[in-house]
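Below is one structure, written out as structure tokens, with a few remarks after it.
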Number of protein chains: 2
Amino acid sequence: MLAVSLRYATLGLLAQQPGSGYDLLKRFEVSMANVWPATQSQLYGELNKLAADGLIEVTNVGPRGRKEYGITESGRVDLLAWITRPHDDTPVRRPEVLRVFLLGEIPASQARNYVTRMADSADHALARYEHIRDSVEWGDSDTAFFARAALEFGLRTAAMEADWARWLAEAIDRRNEPQR
Amino acid sequence: MLAVSLRYATLGLLAQQPGSGYDLLKRFEVSMANVWPATQSQLYGELNKLAADGLIEVTNVGPRGRKEYGITESGRVDLLAWITRPHDDTPVRRPEVLRVFLLGEIPASQARNYVTRMADSADHALARYEHIRDSVEWGDSDTAFFARAALEFGLRTAAMEADWARWLAEAIDRRNEPQR
DNA sequence: AGTGCCATGTAAACGGTTACATGATTCT
DNA sequence: AGAATCATGTAACCGTTTACATGGCACT
């Protein structure tokens, strides 16, 4: 058990506020999905496991078999331990950068093209994050404060990626300039 | 089959230069491992699959059962298609940032502490990349050029992460300043 | 003779994705 | 009545990680 992040993403959402699997799915989409995507299947499975381990519990049952979950005391203990424990996180996987390693294997014009598309998609991601920043009502809760901080990370990452891709595009151009 | 990056990382390494599984493992470590880690098990398995699909072939057999692989023509075609094909890459997973979303659930002093450790580990990563930049003999091959470009990505990412973590640490301090 | 490196492989378990499956309730 | 949404679950598959397993070759 060395990564298990979805488990704690789920537990954390319930620590912030109780809800059903369905509720959590929607809250996930507008917050953590950008740094830790989860599918519906996975979330429901995780909820059952967390409940079996006593870290969360069904606090009441509504229409359509809706089960509302809340975090338990031992759940809170476990969550706090996970957040503060020294972590060996799995290294980040970036397929786009992996391709950069291999760009020498294709014609320069196509390599240049690929890099330009990277810059475009970074710009697109940046615009998306900016839209979130400007459209969400950021209250003054701790939850909002840290969600905003995570968004700031996304903003800076996207800006950096766009800059880097443009830098690389120019470097490719300089490299392929007709020799004088 | 929507991600399959290790397959192409392997194929790409063989496109750059033939070698055995053992050779590739070592080349992996000093290059792509930072953006796409792979284990020994996985690599050997992938080599056998690639060979079965005719994208690579055993070019000769040495002592200790060493099998040297080379890329085939259809391997090159496939690799080029993968690099240039429009990609829906899997979203990046960042457990450290996931934790930031949950920092409101723990005492502010511990949250502040976590963020400081993030800054430290980003500094550490930056130093590691700088060391690579300064110690590797960068030739003027295409392979070296793009490896250097990927490293630049790492350098900028680490610097950005360190800046962001320090910004957040200060924001937490401001937020918790004794009210006047 | 012993250590360390070269070299490849298998098996079990886990986490994540996709597709399938079902049905109740609310709204128009 | 029908559509949209609420709501949960199962099964198969795939990629990844960890541990186990084996043995040859080179160097001292």
Side-chain angles (χ1 to χ4, degrees), chain A residues 1-11 14 18-29 32-53 56 58-69 82 87-95 98, chain B residues 1-11 13-14 18-29 32-33 35-53 56 58-69 82 87-95 98:
Chain A
M1 269 195 231
L2 275 165
V4 289
S5 296
L6 178 63
R7 182 181 182 90
Y8 291 103
T10 309
L11 193 56
L14 287 174
S20 67
Y22 196 84
D23 294 340
L24 294 186
L25 254 174
K26 284 184 297 176
R27 285 162 54 194
F28 222 86
E29 271 160 34
M32 297 167 174
N34 291 300
V35 296
W36 202 276
T39 59
Q40 173 261 9
S41 291
Q42 218 185 336
L43 225 191
Y44 281 108
E46 208 59 59
L47 284 169
N48 286 323
K49 279 185 228 159
L50 284 164
D53 294 348
I56 63 174
V58 176
T59 52
N60 69 60
V61 178
R64 281 166 286 199
R66 180 178 191 273
K67 289 186 277 185
E68 186 160 282
Y69 292 96
W82 180 74
H87 355 271
D88 26 26
D89 286 332
T90 54
V92 171
R93 284 166 203 276
R94 302 184 215 246
L98 175 59
Chain B
M1 268 193 236
L2 274 167
V4 289
S5 297
L6 177 63
R7 182 182 181 90
Y8 291 102
T10 309
L11 193 57
L13 279 181
L14 287 174
S20 67
Y22 195 85
D23 292 341
L24 293 187
L25 255 175
K26 284 184 298 177
R27 284 162 56 193
F28 222 86
E29 270 160 35
M32 297 166 174
V35 295
W36 202 276
T39 58
Q40 171 262 11
S41 290
Q42 218 185 334
L43 226 191
Y44 281 110
E46 208 60 57
L47 284 169
N48 286 325
K49 280 185 228 159
L50 284 164
D53 293 348
I56 62 174
V58 176
T59 52
N60 68 60
V61 179
R64 283 167 284 198
R66 180 179 193 274
K67 289 186 277 183
E68 186 160 282
Y69 291 96
W82 179 74
H87 357 271
D88 27 24
D89 286 333
T90 53
V92 170
R93 284 166 203 279
R94 301 184 216 246
L98 175 58

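Here is the naming used below: chain letters follow the sequence lines, and residue numbers restart at 1 for every chain. All of these numbers come straight from a predicted model, not from anything done at the bench.
For the pair A:Glu46 CD and D:dG9 C1', the interatomic distance rounds to 15 Å; values are reported in whole Å. Put simply, CZ on A:Arg7 is 13 Å from C1' on C:dC14, counting in whole angstrom units. Protein atom OH of A:Tyr8 is 15 Å distant from nucleotide atom C1' of C:dG15, rounded to whole Å. Look at CG on B:Leu50: it is 13 Å from P on C:dG9, rounded to the nearest Å. When rounded to the nearest whole Å, the span between OH of A:Tyr22 and P of C:dT25 equals 15 Å. Rounded to whole Å, the distance from CG on B:Asn48 to P on C:dA7 is 16 Å. The nearest whole Å value for the distance from the CZ atom in A:Arg27 to the C1' atom in D:dC6 is 16 Å. The CG-C1' distance, from A:Asp89 to D:dT16, rounds to 16 Å in whole Å.
B:Phe28 and B:Pro37 get closest at one heavy-atom pair: CE2-C, 4.3 Å. For A:Leu11 against A:Leu50, the heavy-atom pair with the smallest separation is N-CD1, 4.2 Å. A:Leu47 approaches A:Gly21 most closely through the heavy-atom pair CD1-CA, 3.4 Å. Here the shortest heavy-atom pairing between B:Leu14 and B:Tyr69 reads CD2-O, 3.5 Å. Considering every non-hydrogen atom in both A:Ala9 and B:Leu98, the closest pair reads CB-CD1, 3.8 Å.
Between B:Tyr44 and C:dG9 there is no side-chain N or O to OP1 or OP2 distance below 4.0 Å. Taking 4.0 angstrom as the limit, B:Gln40 places none of its side-chain polar atoms (N or O) nearer than this to OP1 or OP2 of C:dG9. An OP1 or OP2 oxygen of D:dG9 is reached within less than 4.0 angstrom by no side-chain nitrogen or oxygen of A:Arg66.
Counting only heavy atoms from C-beta on, A:Thr39 has its side chain closest to C:dT17 among D:dT16, C:dT17, C:dA19. Checking D:dT16, C:dC6, D:dT18 against every side-chain atom of B:Lys26, the shortest atom distance belongs to C:dC6. Distance from the side chain of B:Gln42 is smallest for D:dT17 among the nucleotides D:dT18, D:dT17, D:dG9. Side chain of A:Val4, nearest nucleotide from C:dG15, D:dG9, C:dG9: C:dG15.
You'll find the side chain of B:Ile56 stays beyond 4.5 Å of the side chain of B:Thr10, heavy atoms only. A:Leu6 places none of its side-chain heavy atoms less than 4.5 Å from the side chain of B:Arg93.
The nearest heavy atom of DNA chain C to A:Pro37 and to B:Leu47 marks one nucleotide each, and the one closer to the 5' end goes with B:Leu47. Positionally, the nearest nucleotide of DNA chain C for B:Tyr69 lies more toward the 5' end than for the other of B:Pro91 and B:Tyr69.
When heavy atoms are screened at a 4.0 angstrom cut-off, B:Arg93 is found touching the sugar-phosphate backbone but no base atom. Here B:Ser20 lies in heavy-atom contact (under 4.0 Å) with sugar-phosphate atoms only.
To the nearest 0.5 Å, atoms CD (B:Glu68) and OG (B:Ser20) are separated by 7.0 Å.
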field: Heavy-atom protein contacts under 4.0 Å, nucleotides 23-28 of chain D, coded B base, S sugar-phosphate only, - none
entry: -BS---

